[in-house]
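Heads up: the structure comes next, in structure tokens.
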Amino acid sequence: MPDDNLKSIAKKSAKPLRVAVLVSGSGSNLQVLINAMQAGALPIEIVGVISNREDAYAITRANDAAIPVAILSHVASGKRMGIKNFETHASAQLSAWQPDLIVLAGFMRVLSGSFIDNAPAPMINLHPALLPAYKGLDTHQRAIQAGERHHGCSIHVVTAELDAGAVLTQALLEINQKDTADSLQARVQQGEHQLLPWTILLIAHGIIDLNNPHNDAESSYLPALPLKLWLND
Ligand code: GRF
């Protein structure tokens with residue numbers, strides 16, 4: 001109902017959204033969120049960062065911002081953590097942080113259905129392609145090889161099926177004739193840096209309702225998803 005929606009928007013706007021971020025790499029998307037949070041441009045509090053790699057530069061970014069970090073990469077024997085072990089520790093850590101939203105930002109492990117279903121908050125993922133096209137890896141190379149005119153990135157709800165949850169938002173660009181997988185990756189990543197904070201802002205203000213990710217309730221006055229952002233060259 002619209003009235004309920006308005007109440008929940010007001011409630012959500014009153015205090016920052018508690019966000020936990022899962023990373024595996026450079027963390028440039030994490031940095032965008034840190035910058036926006038510190039500038040007061042995004043009503044979020046990053047309550048913690050989990051990395052499944054101990055060499056991820058994202059850890060340095062979180063440390064520099066005094067955000068709690070859990071590095072869940074190895075077990076006591078020095079071996080790489082299996083996914084079950086990772087999920088056990090990650091679940092406990094997330095429950096302790098009590099996030100409202102979990103963001104997978106360049107997180108490169110596939111999570112199990114039971115971890116996703118039992119997570120303490122809804123989970124969204126940033127994927128470097130226009131879903132449902134190009135799920136999985138090597139998306140830029142595959143889009144060029146297929147002769148696509150357009151490419152971009154998507155943010156979707158995480159479900160047990162890989163890259164298959166409801167698509168919330170997308171940033172689109174035109175593929176240029178001279179684009180390589182590397183140049184396209186760089187251009188898409190610039191799009192990600194706009195798309196991620198924009199999407200979280202829409203979630204924080206209730207414009208995107210993660211309990212109704214298609215915004216398709218009969219009484220809803222909200223636009224159908226995905227919302228699209230066109231990127232200029
Ligand atoms: C992003 O380009 C994302 O699409 C891909 O991994 C990259 C992560 O970048 N899955 P960063 O770690 O946020 O810099």
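Every number for a ligand or one of its atoms is a count from 1 in the order of the listing.
Heavy-atom proximity to Glu192, at under 4.0 Å, picks out these atoms of ligand 1: 1 (C), 2 (O), 3 (C), 4 (O).
In this structure, a donor-acceptor pair under 3.5 Å is present between the side chains of His151 and His140.
Of the protein's non-hydrogen atoms, the one nearest atom 14 (O) of ligand 1 is Ser28 OG, 2.5 Å. Distance from atom 9 (O) of ligand 1 to its nearest protein heavy atom, with residue and atom name: Gln189 NE2, 3.0 Å. Among all protein heavy atoms, the one lying closest to atom 8 (C) of ligand 1 is Gly106 CA, 3.5 Å.
Under the 4.5 Å side-chain heavy-atom criterion for ILVMFWY residues, no single connected hydrophobic cluster contains both Ile116 and Leu168. Leu172 and Leu227 are members of different hydrophobic clusters when ILVMFWY side chains are connected at heavy-atom separations under 4.5 Å.
The option with the heavy atom closest to atom 10 (N) of ligand 1, from among Gln185, His127, Met108, is Met108.
Within the 3.5 Å criterion, the main-chain N or O of Leu111 finds no donor-acceptor partner in the side chain of Glu87.
Backbone and side-chain nitrogen or oxygen atoms of Gly27 are examined, and one is located within less than 3.5 angstrom of a nitrogen or oxygen of ligand 1.
Side-chain contact between Lys178 and Ser183 is absent, with no heavy-atom pair separated by less than 4.5 Å.
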